[in-house]
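This report concerns only the one structure given below.
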Number of protein chains: 2
Amino acid sequence: MTLTLKDVARDLSLSVVTISKVLRDHPDISDKTKKRVLARLKELNYQPNYAARALITGRTLTMGLIVPDLLHPFFANIAKSMSAEIRRQGYGMLIVSSDEEPEVEQHEIQQFLARSVDVMIIASSQIGTDSFRQIEERKVPYILLDRRFEGLSSNFVGVDDRVVGQLATSHLIEQGCKRIAHIRGPEVSTAVGRLEGYREALAAHKMAPLPGHIVPIGASGDHNGEAGGYEAAQHLLLARKKPDAIFCFNDPVALGAMRAILDAGLRIPEDVAVVGCGNLAYSDFLRVPLTSVDQGSAQIGKIAAAMALKLAQNRVQSGSKIKLIQPSIVVRASSSRAQTKGRRVKNRTAPKP
Amino acid sequence: MTLTLKDVARDLSLSVVTISKVLRDHPDISDKTKKRVLARLKELNYQPNYAARALITGRTLTMGLIVPDLLHPFFANIAKSMSAEIRRQGYGMLIVSSDEEPEVEQHEIQQFLARSVDVMIIASSQIGTDSFRQIEERKVPYILLDRRFEGLSSNFVGVDDRVVGQLATSHLIEQGCKRIAHIRGPEVSTAVGRLEGYREALAAHKMAPLPGHIVPIGASGDHNGEAGGYEAAQHLLLARKKPDAIFCFNDPVALGAMRAILDAGLRIPEDVAVVGCGNLAYSDFLRVPLTSVDQGSAQIGKIAAAMALKLAQNRVQSGSKIKLIQPSIVVRASSSRAQTKGRRVKNRTAPKP
DNA sequence: TTGAAAGCGCTAACAT
DNA sequence: ATGTTAGCGCTTTCAA
C-alpha cells in the first residue's frame, strides 16, 4: 500500500538491510551511502512501519494510560504532561477513560496487553488487585498513579495524601478554627490518607474530631462530588456542635459544601471556613475563592513519564519505585480570616520523600 | 515471549490456521472444534498479537486524536466521549495534546502515519493545509474537529459557530442591551464564525457594532484567555460609547472580562452584561454565574466517533461529510437582567443541518 | 472441514 | 562496508 524499505532499496540499488541500518544509525555504514540513503528517504517521505518493527523487536514505542475520568482536570493534566514528555522520546500514548468502572479498566488492560504497550500507567478504579497480577504475569512494567493498593508492591507516583490532610488542617488551625470537620471521600487510598493527615494535624495540636464531624460523601466520589458535598455539609450544619471549618476531600465537594453553607445563611469564612483539594483552575473566580491543596498534577505526570521511559528502556523490573509528590496549599478567601489572598504556602511539615 | 497461536495449536493438536479462523469466527469450522478451541483459548488467556495482525491486514484498530489542549474541558470532553464510543467497537485511541503548536501537530501526524492509525481526528492548530494533503496522499481517512479550513474538502465535525454568535448576541438584545461589544478570538474559523453570527444578529435587529466595539484578544487565544480577556475588556471600558454588554469568544476570556468590569467598579449584569462560550463546568459557582453558549462537546465527540468508525470500516473515502452541531445557550446571572436563572434555551434561529 | 504454503515489512545474526 | 538468510505472529490463498 505505501512505500516500503524494499521500494527504497530497489530505487537505490541497495539491499533492504543497508537501508534499515541507516535508519537505525547502525555504525558499519559508510558516510557516503548513509548520506545518500538519508537524502532519498527524505525525498520519498518514507515512514517506517511500526507494526512490522514491533513484531520483531517486541517493542511498540507505545504506552498505555488509564484514568478514571479524562474530564477531571487532575487526570487531564497528568495525561497532558505525560504525553508531552514521552512524545519527545518518540513514544505514543494510548489513553482510556475508565469512567471509574472497574470492568472497563480490566477490559482495557487486556487490550493494552494485546497491543503490547511497553509500559502501562494506571490510575485505578479497581477494588482487587487481580488485573495487576495479570500484568505482572505478562512481565509488562506498570506504574500506579494517585491511588495505591495494600500488599501490591508496584511502582507508584502520587501525592502524599497524609501531607495533604495535614496541610489543610493545620492551615485551618492557624486561622483560629476550633471545630474542624472533614467531608471524607470513598474507601480508596487517597481519601484514607487525607483523613489520616487530618487526624494527625489535629492531634499535633491536642485536638480531635468532634463526634459526627467526619462525614462521608459516599461512593459517588469524584464523579458527583458537588451534590455529595452539599448533602454532607447540610448534615454537618445540623450537628450539635456546628463546625467552624470544613476540610473537603476535593474541590467539587468543597463547592457543594460552600453552596450548602451559603444557602443556610452563613458566611464563608467568617462562620465556616472551607478548604478543598485539587486546586481547580478558576478557583479565583468563584463566588468565594476557594482555598485548596494543590496536588501538583503536572509534576506527577512528568515524574510518571520519566519513570515510564526508564522502565521502557531497561525492560528490567528491579524493585519497585515509589515517588511521593509534596503538595502545597493555595490560600484564598474561603479560609482566610486574616484577609491573606492567594498566598501560596509550601509545605513545611512533610518529611523529605 | 508470550503465548502465541502456534503454542495453542500444538497444545490442541490442530493447525495454526484453524485456531486463527476460530478467533475470527470464520464460517467453515465445525461447532465442535470451535467450542473446544474457544474453551482452551480462554483457559490459557490467549491474547492475539495486534502488531502481527496489523502487519498483514493493514488495520491497527487504532485511531489517532490530536487536540490543541487536553486540559481544556472542551477538548477533554471530546476525547473522553470519542474514546468511550470507539472502545466499544474494540478500537484504541492514541491521543496527543499539541499545545497549539503547529510543528508538534505536524510531527505527530507523521507519527500517526507511521503507526498506521486507521483514522485520524484532528482539532488543528495548523495555519496551512500541507499536513492534511500528506494524510490524503497516504489515503488515511481523517476528520477535522472544531476548526475548519478554507478550500479543504475534508470531513468535519464541529459546532455551528455562526449560530453561536447569533445565540449569544440575540440573547443580549432580548435583555435590552443596546451597545453590545465583542471580544473576538484569533484568526481561525471558530472565531470568524462567531464574529459573523454576532454581526448577523445585530443586523437582524437593525443594529451594528459601534466603532471600537470589536476587539481581539490576540494570538494567545485559548491558552491565555483570561489575561487577554481582562485587557480587551479594559480597552472596551475606555471606549467613548461604553458597551452595556460583551459577548466573549470563550469562557476564560469572559472570566477575564468580568474581572476587569468588577475592578472598574461596575456591576454585572446591571452595567455590563457578559456572555461567554463553552459552558465550563462550575460556571454556576462563579462570583457572577456566567451565561454561556454550550458547544455540545460530548455530542461532538460522539458524532465524530461514529463518523470515524464508519470511515474505518468502509475504507472508501466517498465524498466528505460535514456535521454541524447546534449550540444552545445557558442563561445565568451574568446576562440576566430579568433575574432568570439557569434557564437553558435551545437554539431557535438555526436551520436544521 | 481442515491444513500447508506464502508472505505482510521489518530486524538480527551471520556471511561475504 | 554491504548483503544473505531466517523469522517475528499472524492472515490469506489454495489445496486436500
Side-chain angles (χ1 to χ4, degrees), chain A residues 1-38 40-41 44-62 90 111 113-118 138-139 315, chain B residues 1-38 40-41 44-62 90 111 113-118 138-139 315:
Chain A
M1 28 172 205
T2 47
L3 192 75
T4 72
L5 270 197
K6 211 160 97 183
D7 302 325
V8 182
R10 200 178 305 135
D11 177 283
L12 287 168
S13 311
L14 283 169
S15 82
V16 179
V17 189
T18 308
I19 320 280
S20 169
K21 280 180 177 163
V22 171
L23 274 173
R24 284 168 298 129
D25 210 25
H26 204 93
D28 50 45
I29 294 286
S30 77
D31 262 22
K32 209 181 99 195
T33 31
K34 191 166 159 181
K35 288 240 169 66
R36 194 164 73 99
V37 171
L38 282 176
R40 193 76 184 121
L41 284 171
L44 297 171
N45 188 29
Y46 168 81
Q47 299 290 134
N49 182 325
Y50 273 51
R53 194 176 269 181
L55 188 55
I56 187 157
T57 61
R59 315 176 75 226
T60 52
L61 298 185
T62 303
Q111 276 280 323
L113 289 177
R115 290 168 189 277
S116 13
V117 297
D118 293 341
R138 292 276 235 116
K139 302 231 199 323
R315 308 194 62 68
Chain B
M1 32 172 202
T2 48
L3 192 74
T4 73
L5 272 195
K6 210 158 99 183
D7 302 325
V8 182
R10 200 179 305 133
D11 178 284
L12 288 170
S13 313
L14 283 170
S15 82
V16 179
V17 189
T18 307
I19 321 281
S20 170
K21 281 180 177 164
V22 171
L23 274 174
R24 284 168 298 128
D25 211 23
H26 204 92
D28 51 43
I29 294 285
S30 77
D31 262 25
K32 210 181 100 196
T33 30
K34 190 166 160 183
K35 289 240 167 67
R36 194 163 74 100
V37 171
L38 282 176
R40 193 76 184 122
L41 284 171
L44 298 171
N45 188 30
Y46 168 80
Q47 299 289 133
N49 182 324
Y50 273 51
R53 194 177 269 182
L55 187 54
I56 186 158
T57 62
R59 317 176 72 226
T60 52
L61 298 185
T62 303
Q111 275 280 323
L113 288 177
R115 289 167 191 277
S116 11
V117 297
D118 293 340
R138 291 279 233 113
K139 302 230 198 326
R315 306 194 64 66

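Residue numbering restarts at 1 for every chain, and letters A, B, ... go by the order of the sequence lines. Everything quoted here is computed from the prediction, not taken from an experiment.
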Using whole Å, report how far [atom1] of [X] lies from [atom2] of [N].
X       : N       : atom1 : atom2 : value
R53(B)  : dC8(D)  : CZ    : P     : 18 Å
I56(A)  : dC10(C) : CD1   : P     : 11 Å
K35(A)  : dA1(D)  : NZ    : P     : 14 Å
R115(A) : dC10(D) : CZ    : C1'   : 16 Å
R10(B)  : dA4(C)  : CZ    : P     : 14 Å
Y46(B)  : dC10(D) : OH    : C1'   : 7 Å
N49(A)  : dC8(D)  : CG    : P     : 18 Å
L5(B)   : dT12(D) : CG    : P     : 13 Å

Q: Measure the spacing between CG of L5(B) and OG1 of T18(B) and express it to the nearest 0.5 Å.
A: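 Here the interatomic distance stands at 10.5 Å.
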
(Q) At 4.0 Å (heavy atoms only), tell me whether Y50(A) reaches a base, stays on the sugar-phosphate, or touches nothing. (A) nothing

Q. When we call it a touch if two heavy atoms are under 4.0 Å apart, what does R24(A) touch: a base, just sugar-phosphate, or nothing?
A.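 Here R24(A) touches the backbone only, sparing every base.
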
Between [X] and [N], is there a contact of a side-chain N or O with OP1 or OP2 at under 4.0 Å?
X      : N       : answer
T18(A) : dT2(D)  : no
S20(B) : dT11(D) : yes
T33(B) : dT2(C)  : yes
S15(B) : dG3(C)  : yes
T57(B) : dT12(D) : no

Q: Name the closest nucleotide to the I29(B) side chain, picking from dT11(C), dT2(D), dT2(C).
A: dT2(C)

Q. Which nucleotide in the list dT4(D), dT12(D), dG9(D) gets nearest to the side chain of V17(B)?
A.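 Nearest listed nucleotide: dT12(D).
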
Q) Considering only heavy atoms from C-beta outward, does the side chain of R40(B) approach that of R36(B) to under 4.5 Å? A) no

Q: Return the 5'-most residue of the pair A52(B), V16(B) with respect to DNA chain C, ranking by each residue's nearest nucleotide.
A: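 Closer to the 5' end of DNA chain C: V16(B).
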
Q. Which residue, A51(A) or K21(A), contacts DNA chain C at a nucleotide closer to its 5' end, judged by nearest heavy atom?
A. A51(A)

Q. Does any N or O in the side chain of S20(B) come within less than 3.5 Å of the main-chain N or O of V16(B), such that one atom is a donor and the other an acceptor?
A. no

Q) Does R115(A) reach the main-chain N or O of L61(B) with its side chain, forming a donor-acceptor pair under 3.5 Å? A)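 Yes, because the side chain of R115(A) sits within donor-acceptor range (under 3.5 Å) of the backbone of L61(B).
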
Q) What heavy-atom pair brings Q47(A) and A114(B) nearest, and what distance separates the two atoms? A)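 Looking at all heavy atoms of both residues, the shortest contact is NE2-CB, 3.7 Å.
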
